[in-house]
Amino acid sequence: MKSLRMEQRLIQLTQELLGKNKAAMDQYLTKTKKEGYEVDFYGEVKPFADEIRTLTEEWKPLALKWVENNRPKYIHLPQINDTFDNLNFIAVFAFQLDTREKRFTEMIKSIDYVLSTLLDRLLS
């Protein structure tokens with residue numbers, strides 16, 4: 001029973017992080033890149049980064065344990081660690097005017113791939 005609750009929580013967290021990943025991309029493309037955008041660190045960046053940090057700190061150990069126990073195709077432990085790091089990077093990079101677009105979008109795509117693939121394996 002405990003592992004079923006853990007799996008349900010992992011599904012929920014993974015879905016939330018997919019949403020945050022999309023929100024970071026939307027922030028970067030529709031606000032940060034606009035002419036005259038001024039960063040509000042305490043009003044925007046810190047709350048968003050804190051929220052992602054809270055989610056990822058709960059998500060990472062659950063994801064690592066699930067991947068270790070289930071050995072899903074195309075998902076490996078280092079990807080979970082990298083996704084954790086990348087999510088916390090994009091939480092801040094999304095608001096920085098000097099963020100390189102190609103690197104940022106590649107990071108977003110990588111996060112999306114891992115989270116989507118993990119979610120697909122969890123739901124199958």
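Numbers for residues simply follow the sequence, beginning at 1.
Residues D82 and S110 have side chains that never bring a donor and an acceptor to within less than 3.5 angstrom of each other.
Pairs passing the salt bridge (charged side-chain N to carboxylate O under 4.0 Å, His left out) check and including a residue from residues 51-64, sequence neighbours excluded, read R9-E58, K20-E51, R53-E57. Residues in residues 22-42 take part in these side-chain hydrogen bond (donor to acceptor under 3.5 Å, both in side chains) pairs, two or more places apart or across chains: K22-D26, Q27-T32, Q27-Y37, K33-E101, Y37-E44.
In F41, the CZ atom is crowded: over 12 heavy atoms of neighbouring residues, nucleotides or ligands sit closer than 6.0 Å.
Atoms OG1 and CH2, on T54 and W59 in that order, are 15.0 Å from each other to the nearest 0.5 Å. The CD atom of E68 lies 11.5 Å from the CD1 atom of I80; values are rounded to the nearest 0.5 Å. In this structure, CZ on R103 lies 12.0 Å from CD1 on I108, to the nearest 0.5 angstrom. Within the model, atoms CG of L17 and CG of L87 stand 5.5 Å from one another, a figure rounded to the nearest 0.5 Å. Rounded to the nearest 0.5 Å, atoms CG (N88) and CG (L55) are 9.5 Å apart.
Nearest heavy-atom pair across F93 and T99 is O-OG1, 2.7 Å. Minimum heavy-atom separation, A49 to A91: CA-CB, 3.7 Å. Minimum interatomic distance between A24 and A94 (heavy atoms only, all atoms of both residues): O-CB, 3.5 Å.
Applying the side-chain contact (heavy atoms from CB on, under 4.5 Å) rule to N70 yields the partners W66, P72; only residues at least two apart in sequence or on another chain are considered. Scanning for side chain to side chain donor-acceptor pair (under 3.5 Å) contacts around T83 gives an empty result, with sequence neighbours left out. Evaluation of the salt bridge (charged side-chain N to carboxylate O under 4.0 Å, His left out) rule for E106 yields K109 as partners, not counting sequence neighbours.
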Donor-acceptor pairs under 3.5 Å, side chain of residues 114-124 to any protein atom, not counting sequence neighbours: which ones?
| residue | atom | partner | partner atom | Å |
| --- | --- | --- | --- | --- |
| S116 | OG | D112 | O | 2.8 |
| T117 | OG1 | Y113 | O | 2.7 |
| R121 | NE | K73 | O | 3.3 |
| S124 | OG | D120 | O | 3.2 |
| S124 | OG | R121 | O | 3.2 |

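Within the 4.5 Å cutoff, side-chain heavy atoms of T105 are placed close to those of M25.
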Any chance you could lay out the side-chain contact (heavy atoms from CB on, under 4.5 Å) test for N81 and L64, step after step, and finish with the verdict?
CA-CA 8 Å; N81 290 317; L64 286 170; 3.9 Å; yes
